[in-house]
Amino acid sequence: MQPQFSAKLEATSWDPKLEAEMRQTWEFERIFDFKPSNNKNRNFVMDTPPPYPSGKPWHPGALTQYTQIDMTARAARMRGLNVLYPIGIDRNGLPVEIFAERKYRVQMRKTPREEFINLCKHALDDLEAYMIGLLKTLGISGDYYNKYRTDSEEYRKLTQWSFIELWKKGLVYLANRPNNYCVDCNTTIADAEIEYEELPTFLVTNTFKVKDSKAELSVATTRPELLVACQMLVVNPADGRYRKHVGKTAIVPIYNREVPIRAHKSVDPKFGSGVVMVCSYGDYNDVMLFREFKLKEIVAVDLDGKMMAVAGKYAGVPVKDARSQVIQDLQEMGVATKVEQIQHRTPLCERSHTPIEIVPMEEYYLKQLDFKPALRKMAKRIEFHPAMHRQILLDWIDVLTTDYPISRRRYYSTEIPVWFCSKCSTPHLPKPGVYYRPWRDEAPFKKCKKCGNARFVGETRTFDTWMDSSLSPLYVTKYMKNTKFHALTYPATLRMQGKDIVRTWLYYTLLKSYQLTGREPFKHAWVGGLGQDSQGRAMRKSLGNFVDPEPIFVKYGADAFRFWGASEAGLGYDFRFSEERIAGAGKFLTKLWNTCRFISSFPVPETAELTWTDKWMLNELGKLTQECVAAYERFDVFTVATKVREFLWNVFASNYLEMAKGRAYGDGATKGEQEAAWYTLHTVVRSMLLLLAPVTPYLTDYAWRKLYGTQSVHLEAFPKPQRFDISEKVSQSIMEFNAQVWKTKRDKGLALKDPIAARIPANLKHFEKDLVRMHHITK
RNA sequence: GGGCCCGUAGUCUAGUCUGGUUAGGACGUCGCUCUCACACGGCGAAAAUCCCCGGUUCAACUCCGGGCGGGCCCA
């Protein structure tokens, strides 16, 4: 390098260790604080998913999503907006309890409630520290100073307040209904928390005698232990084989009870023998048939998943064992004529992977069916990114058939603020605005308003966790707490989340926001794809394909991980994990770094008399800038990352830089031409750093401060695009001509610095001087 | 069974809405090359019946119909 030019960056590659230093600077300067503008339109309010501490390691796909959320926040700041980017931790619910049970080797039901809650808190604090640490490592620029927790008194107060409001509006009711129940988690669960898996099970074909006849019916079932709860046999009305039996009575084996034989169109004549037993409750079709035929339910399974007394000799036996025993007994009795193993689509609890039982229980319900039309309208009003994912929500709204069961029989969740009169059982709700623990606290009433009794029993149940998290847009905009702040920030600008929780978090947020405020909680919804393993399968701890992201951050740095995440998949599409590709992103950062390093050795002129080559480059840069800023406005970081990489590497570095290099060194150029090269080089580097700042915040800020100033790049605005009248065709010709010369030299075995004779195309006349110098062209 | 999305080189993708280019780029592979920003570089090469079959059209990766395959979700 010529002595008069020396670079402001020394190392030949970006060192990820500098990220920690940069992070400390940000924290010290507090550059990400939110100051609300009195002009509502200047406030960019983000409703981001408070992560759920459920164990280590954290899902790398989720972390990718958090980096994309962060890019959007940073981009909004650079668009001059005041950005509210909350950091929350969702600390309520099942995963925490399961984690605590495992960690401290205790069982929730055998531990005093207060004690178990404290264990959960402990476990949560550990996990939370781990998670916050990772978020910071990744450069997430949220508001850590106002970090919120969904299990805080403040938050739970709001959850309880919302419940009391909904109760007052008549939207909550108690009802005894068959419910999805997990015998491991000991709680009811919502439809949204069920997953299905094909599992091996026995299909048992039993013989039922038809009363007052010699006829026998073969009945196939996967749940023979529920014979005790069988109340009917059904066949398809169109099935000629059984038409003569419809209306007659069959005898249930083992229990010798009489049940009717009926016809219903829901029966598949091709399943088993075409005769199905209906019991309380094998599946949802049973529930429907019990309702339709007004059958009397027989409760055979208790809340611990054991057979009840009504099951006779099987009483006290867990369902699964009872099933084996029953099968054996049926075989010995000659009732079971066939036992075959089949794959059966089994509903499982999403958290514990235990098969769901359907048992009747009294639970609280929040009305939702009445709101389907309003929700559908709202779903259409909210702008989805990408638009295609709106369909997930619309489909879900369409298939809802029951109201939302909101109560859970758990400990570590927000308590349902209700006391019952000990005499007449009338429910009493307290005044909102206080955090209540009815299982522990004295009732805040003197007398029952109905019977005058002075004693109350506190509700022990808690809320489903979505009852808390669905309030996030209200909580972060200080609903019920700061009217002015709320008015300036609600509805939020943007909800960002994964497509896996559209049916839960997104849906319940819309439902409750509508019920409480009558309007949509946010204007835009960004619905991201999911991170999968290298083969495109969901990443699950149970599948053993889970990647621990931490070593990756250490090895490649957060910026490489971020750039990879941004450039890997288009907005809303799933993406696969690949360390190789993260390493590839790291190479791009090296390229960016060295571009900055090289150009940092030249002075920064205020203005310049541009040559055609410079105008061409600045015009290309202008087009890129426009595209990228537009992409950021659509919350699309994929376009930014891929276009910038393409531009920087293949257009700027390969072509312009080589064309202008000699001129920048002053090689056969006038002072003015030299300065024009400097000016253009710096303009491009400046723009590169600004456009990439949201994506790779560490490297860009480090380089920015070294090259251009004292202030963080994150406090700057995006550059204004410059345009010059240079056609796309000329641009292509330049790059084609360069490639042509390179290829010719290659074919002739010449080094790049060797002279070569070449004819410069007519439309590149203006660029002749730079081209000749670059390729050492002799005439 | 239904819905949504997707099927482009070994892998990941752009392009498809608004039909016409030698189908662009990245990772990986191979060859040459340490040329004064970068060998985590440069240059080049190989590598794609654009899932299949029909239709529309002068012309289809692109539009239409029908298959097949994958993913996610619902029943």
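We name chains A, B, ... by the order of the sequence lines, and we start the count at 1 in each one. Nothing here was measured: the structure is a model prediction, and the numbers come from that model.
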Once you apply a heavy-atom cut-off of 4.0 Å, does [X] come out as touching a base, just sugar-phosphate, or nothing?
X: A:L752; result: base
X: A:W649; result: sugar-phosphate
X: A:L657; result: base
X: A:F575; result: nothing
X: A:E658; result: base

OP1 or OP2 of [N] under 4.0 Å from side-chain N/O of [X]:
X: A:K661; N: B:A37; result: yes
X: A:R576; N: B:C12; result: yes
X: A:S654; N: B:C43; result: yes
X: A:N650; N: B:G24; result: no
X: A:K643; N: B:A14; result: no
X: A:K587; N: B:G28; result: yes
X: A:Y665; N: B:C36; result: no

Inter-residue atom distance A:M22.CE - A:D701.CG, 0.5 Å rounding: 3.5 Å

What interatomic distance, in whole Å, is found between [atom1] of [M] and the corresponding atom of [N]?
N: B:U16; M: B:A23; atom1: C1'; value: 12 Å
N: B:G66; M: B:C4; atom1: P; value: 13 Å
N: B:C64; M: B:A75; atom1: C1'; value: 30 Å
N: B:C63; M: B:G7; atom1: P; value: 11 Å
N: B:A47; M: B:C12; atom1: C1'; value: 15 Å
N: B:A46; M: B:G31; atom1: P; value: 15 Å
N: B:A14; M: B:G24; atom1: P; value: 15 Å
N: B:U35; M: B:G41; atom1: P; value: 16 Å

Nearest-nucleotide 5' precedence on RNA chain B, A:A583 against A:R746: A:R746

Residue met sooner reading RNA chain B from 5', once A:E736 and A:T595 are mapped to nucleotides: A:E736

Heavy-atom side-chain proximity of A:V640 to A:M71 below 4.5 angstrom: no

Distance check needed: [N] [atom2] versus [X] [atom1], whole Å only.
X: A:M774; N: B:U35; atom1: CE; atom2: P; result: 17 Å
X: A:D667; N: B:U35; atom1: CG; atom2: C1'; result: 14 Å
X: A:K745; N: B:G31; atom1: NZ; atom2: P; result: 25 Å
X: A:K743; N: B:U22; atom1: NZ; atom2: P; result: 18 Å
X: A:D15; N: B:C38; atom1: CG; atom2: P; result: 18 Å
X: A:R773; N: B:C36; atom1: CZ; atom2: P; result: 18 Å
X: A:F638; N: B:U13; atom1: CZ; atom2: C1'; result: 6 Å
X: A:K591; N: B:C27; atom1: NZ; atom2: P; result: 11 Å

Parallel, tilted or perpendicular, as decided by the 30° and 60° cut-offs, for the rings of A:H524 and A:F635: perpendicular

Whether A:Y656 and A:W616 hold their rings parallel, tilted or perpendicular, with breakpoints at 30° and 60°: tilted

Minimum-distance nucleotide to [X] side chain [options: [options]]:
X: A:E646; options: B:A26, B:G31, B:G25; result: B:G25
X: A:R581; options: B:A14, B:C12, B:C4; result: B:C12
X: A:T12; options: B:G28, B:C38, B:C4; result: B:C38

Close aromatic pair by centroid cut-off 6.0 Å: A:F577 and A:W564: yes

Pair A:Y702 + A:W14: ring centers closer than 6.0 Å: yes

Taking a pair as Watson-Crick or G-U wobble with both distances under 3.5 Å, which nucleotide is matched to [N]?
N: B:A26; value: B:U11
N: B:C4; value: B:G71
N: B:G20; value: B:C58

Polar pair under 3.5 Å, donor/acceptor by atom type, side chain A:R597, base B:C38: no

NZ/NE/NH1/NH2 to OD/OE distance under 4.0 Å, A:D574 and A:K499: yes

Axial cation check for A:F575 ring with A:R581, 6.0 Å and 45° limits: no

